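Accompanying notes for the structure given below.
Residue numbers begin at 1 in each chain, while the letters A, B, ... track the order of the sequences. In this text the structure is predicted, and so the values were computed from the model without any measurement.
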Amino acid sequence: MRFFGLGKYRVIVLTVAMFLVFDLGVLVLNFVISSQIAADALAVNMAGRQRMLSQRAAKTLWQISERAAAGQPAGGETAELAEAVSLFDETLTAFLQGGSIRGGAGTTVTLARIDDADGIAILQRANAVWAPYRARITTLLANPAPSVDEVRSTLDVAHSANLELLKLMNELTSQVEVTAAAKATTLRAVQIGGITLATANFVLILFHFLRKLRQGDALLEQAKKETDDILVTVNEGLFLLGRDFRIGSQHSQALEAILGRKDLGGADFVDLLRGIVTEKTVGMSRDYLDLLFGERVNEKLVSSLNPLDVVEVHFDDQRGGFVTKYLEFRFNRVREGGVVAHLLVTANDVTKRVQLERALKEAHERAKGQMDLLVEVLQVEPDALRDFLAAAALCLDKVNTLLRERTASATDRREAVIAIYRLLHGLKGDASGVGLSGLAEAIHDVEDLVVALREKHASLDGNDFLPLAVRLERLFAQVDALRGVVNRFAQIRGVVAVEPARPATETDAAQAPLVVRWREFATRLAEKHGKHVQFHYHGIDPGKLASPYREALPTVINQFIRNAVVHGVEAPAQRLIQGKPAVGNLALYLAARDDGGVDLSFRDDGAGLQLAAIRQAAIDRGLLSAAEADACDARRLVELIFKPAFSTRASADEDGGRGVGLDVIRAHVNEWGGNIRIGSTPREYCHFRISLPRPSPQLSAGAAPAHGEAA
Amino acid sequence: MKLLIVDDSNIIRSKIARALGSRNLEVVGLARNGHEAVSLFARTRPDVVTMDLTMPEMDGIECIRRLLELNPDTLILVVSALADKATAIEALKLGAQGFLCKPFSEEDLAEAVEELIKGAVHG
């Protein structure tokens with residue numbers, strides 16, 4: 001149970017209360033005993049006065065006796081005697097019974113009754129002596145003219161009674177003094193005891209509170225040390241913000257580095273923001289802090305509106321420039337007694353995070369841009385795309401030339417601007433026309449710069465062209481990127497569509513006599529037609545093939561080479577325009593399968609099968625009607641190239657055009673029970689794949705087919 | 001508790017009604033602008049209002065001012081895009097208690113309204 005709700009102050013209240021009780025008790029005892037001592041002092045005084053009164057009565061009687069002997073009447077002595085007797089009697093009665101008596105100087109004092117046994121015995125004895133003595137004096141005083149004898153006999157009584165009374169009053173005085181001394185001793189004991197108890201209590205209180213203070217100090221010290229450790233170690237800037245927007249006296253060490261200044265305790269947070277963020281952000285921040293200090297808004301439901309969530313700040317770098325950082329401030333209400341007393345502010349330097357996020361976003365946008373470009377490229381007709389790229393290269397070269405020559409005169413420069421505008425405008429139209437909207441937008445941006453130059457009224461100088469040169473450089477890069485995408489895409493399509501696994505090349509197989517002959521044949525044939533080719537070989541030594549493949553292979557390969565060089569590979573200039581290397585590539589793969597069969601792959605990176613030309617040739621040669629040709633799909637058209645006497649070449653020469661060749665290969669393959677497949681992309685490649693089974697004994701025993709043809 | 005939905009987008013109104021109608025909140029009105037909201041508010045006396053800020057005729061700021069004149073104890077959740085933080089803060093200064101950014105999921109909305117009501121009960 002709580003002690004009147006005093007809590008941790010219960011002990012101090014109890015001990016102080018005890019201290020007061022002790023002091024009060026001692027005070028009361030002191031008062032009582034000192035009152036008694038005062039009464040005893042009066043008694044001693046009155047006992048002493050009794051001795052004096054007894055002496056005075058005896059002395060006055062003697063004077064009256066002397067006067068009587070001289071025959072003189074008594075004068076004032078009679079009244080003095082009566083007064084002394086009255087006072088003595090009154091005082092003695094008061095000693096025995098207690099009561100008020102006349103003191104000195106006309107005052108009245110109260111005399112306490114003597115109540116100890118020895119005192120009472122003395123008083124009784126005194127009363128026994130006093131009573132007859134008083135009676136004789138009273139009788140004497142009653143006689144206005146006493147005789148000498150009467151006076152002398154009373155004087156005789158007085159003589160013996162006075163001595164006795166003096167002795168008894170001395171005893172009484174001593175007795176009262178003893179009693180008073182005993183009381184004084186008691187008083188001292190009480191005082192010493194009380195003071196001792198009070199002192200002990202005080203020492204107890206002192207000890208108790210010193211211990212409590214030491215414990216409290218130790219706890220405070222420990223808590224302060226822990227807080228200091230946290231504030232020194234923590235990476236975040238931590239501080240409490242008051243309702244006046246001032247930073248509290250305690251803050252983490254990191255805050256100084258984050259805010260780039262010291263002496264932050266007591267600083268005005270809003271003033272501090274004013275130097276490093278925009279005025280609009282300062283205003284919004286003040287409003288936001290007001291909202292948090294208010295009670296109406298829900299703290300959790302407004303955090304997304306924090307204007308300092310991530311804020312760009314600029315600090316003076318002390319060298320005339322500034323440093324840009326990104327800081328994050330978070331605010332949490334701190335309540336005291338249910339009221340928002342402070343905001344706990346957590347500040348972080350998130351510059352690296354923001355920069356990383358931006359870099360990631362840019363990378364993402366770049367990747368997305370490339371993906372968009374790829375998607376656009378996929379949707380554009382390949383021929384149109386190649387034509388566009390060729391036109392773009394030409395156009396940009398012209399623009400570049402105009403820019404290089406711009407320094408002649410202001411008039412020339414203005415004409416150059418108009419010419420550049422026309423070129424770019426045309427190119428933009430081409431880009432839109434083929435569906436490259438992203439590139440069209442980029443060209444449009446450059447066009448805007450050119451328009452600005454065209455509309456500039458002041459004369460143009462060389463510096464005016466600098467931004468244009470920079471943007472044009474970027475446009476070149478975009479067109480190059482587009483070309484790269486197209487080329488890479490062409491490669492991917494080739495590989496994915498038809499590229500077989502490349503067979504392991506036997507040692508020296510590429511130098512086998514047959515392979516050397518094929519290579520020489522390809523080179524010679526290409527030179528004859530004004531072309532350049534490289535012949536690549538991978539696989540087994542073709543001389544090791546089983547019969548009849550070994551014997552028939554030269555015919556097949558020579559036909560492929562002839563077909564590729566004459567019909568497929570383009571002239572070097574044409575290839576360069578199309579973004580291809582000037583030298584064409586012929587690749588032959590030859591692999592022996594585990595089942596005894598043979599796989600053959602022949603690929604060239606020339607023009608591919610020209611479906612339109614095949615269609616036209618089929619009509620020209622009467623193989624199909626125009627209607628049939630139009631209705632023919634690509635697969636059926638490709639089949640036509642294996643027809644005897646079919647050629648797309650307009651005029652025949654020794655190397656092609658007579659339509660002899662592919663039909664011979666088809667005839668061999670059919671005879672051997674194999675199959676032949678063709679893959680092709682216009683302007684990219686043409687690829688033949690032949691798969692032959694293990695040769696049958698009949699075939700092996702037979703002679704080489706009659707269609708054979710040596711290189 | 002009774003709920004009034006204020007938004008000029010039919011899709012958003014439906015989404016809010018769907019998300020909150022099934023959570024012990026009785027949708028008592030759907031308003032397309034501030035005028036409709038004030039009229040519906042006076043008639044239906046809702047406890048909670050979801051408030052768009054950018055609306056034709058009467059915008060959210062003016063609407064919040066009018067609704068709180070009618071009943072200062074109304075709980076108002078501003079549901080708006082983050083494009084203009086300053087306007088949203090203005091709405092809160094007028095007396096709205098919370099803010100939810102568009103676009104939002106139905107769960108986000110339900111949690112925000114729950115928090116709004118809880119905050120009002122526990123002070």
Side-chain angles (χ1 to χ4, degrees), chain A residues 241 243 245 269-270 273-274 276-313 326-345 350 354 357-358 361, chain B residues 1 16 20 47-54 60-61 64-65 67-69 71-105 107-123:
Chain A
L241 196 65
R243 283 182 167 272
F245 299 158
F269 182 61
V270 174
L273 286 176
R274 189 163 281 123
I276 55 175
V277 300
T278 64
E279 201 52 42
K280 185 182 176 193
T281 306
V282 171
M284 282 169 63
S285 302
R286 193 192 291 110
D287 287 345
Y288 183 71
L289 294 176
D290 276 335
L291 285 173
L292 289 180
F293 274 118
E295 297 290 340
R296 190 165 175 89
V297 299
N298 186 310
E299 182 182 2
K300 288 182 188 168
L301 292 179
V302 297
S303 59
S304 61
L305 291 175
N306 176 6
L308 301 175
D309 184 23
V310 173
V311 65
E312 184 176 329
V313 297
Y326 294 90
L327 301 185
E328 173 192 79
F329 293 91
R330 299 221 168 124
F331 303 91
N332 292 94
R333 283 170 170 162
V334 180
R335 292 182 180 277
E336 283 175 15
V339 178
V340 181
H342 299 98
L343 296 179
L344 173 65
V345 187
V350 292
V354 170
E357 282 170 358
R358 288 192 174 180
K361 193 178 170 195
Chain B
M1 295 182 99
I16 295 174
L20 299 179
D47 306 292
V48 183
V49 177
T50 68
M51 178 67 67
D52 187 17
L53 290 181
T54 312
I61 295 291
I64 288 171
R65 188 177 288 121
L67 298 193
L68 290 175
E69 276 172 9
N71 180 6
D73 296 329
T74 312
L75 299 177
I76 299 179
L77 179 70
V78 174
V79 181
S80 184
L82 249 190
D84 189 2
K85 276 189 181 182
T87 308
I89 289 177
E90 178 68 24
L92 295 169
K93 282 168 73 180
L94 282 175
Q97 289 90 344
F99 176 83
L100 179 67
C101 183
K102 285 180 186 175
F104 56 85
S105 70
E107 287 74 23
D108 288 343
L109 177 68
E111 280 175 20
V113 171
E114 197 175 308
E115 178 63 36
L116 191 75
I117 294 168
K118 195 170 75 181
V121 170
H122 299 294

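Only the backbone of A/N306 has a heavy atom closer than 4.5 Å to any heavy atom of chain B. Looking at B/I76, neither its backbone nor its side chain comes within 4.5 Å of chain A, counting heavy atoms on both sides. Only the side chain of A/L291 has a heavy atom closer than 4.5 Å to any heavy atom of chain B.
Here the CD atom belonging to B/Q97 is positioned 8.5 Å from the CG atom belonging to A/N298, to the nearest 0.5 angstrom. Rounded to the nearest 0.5 Å, atoms CG (B/L92) and CG (A/D290) are 12.0 Å apart.
In terms of heavy-atom pairs under 4.5 Å with chain B, the best-connected choice from A/R296, A/K280, A/M284 is A/R296.
When the shell of 6.0 Å around NZ of B/K102 is examined, it contains more than 12 heavy atoms from other residues, nucleotides or ligands. For A/E312, the CD atom is densely surrounded, since the number of other residues' heavy atoms within 6.0 Å is greater than 12.
Evaluation of the side-chain contact (heavy atoms from CB on, under 4.5 Å) rule for A/R274 yields A/V270, A/D271, A/E279, A/V282, A/R286 as partners, not counting sequence neighbours.
Screening residues 86-96 of chain B for side-chain hydrogen bond (donor to acceptor under 3.5 Å, both in side chains), with sequence neighbours left out, gives A/D287-B/K93, B/D84-B/T87.
Here the shortest heavy-atom pairing between A/V302 and B/G98 reads CG1-CA, 4.3 Å. Here the closest non-hydrogen pair linking B/A96 and A/V297 is O-CG1, 3.6 Å.
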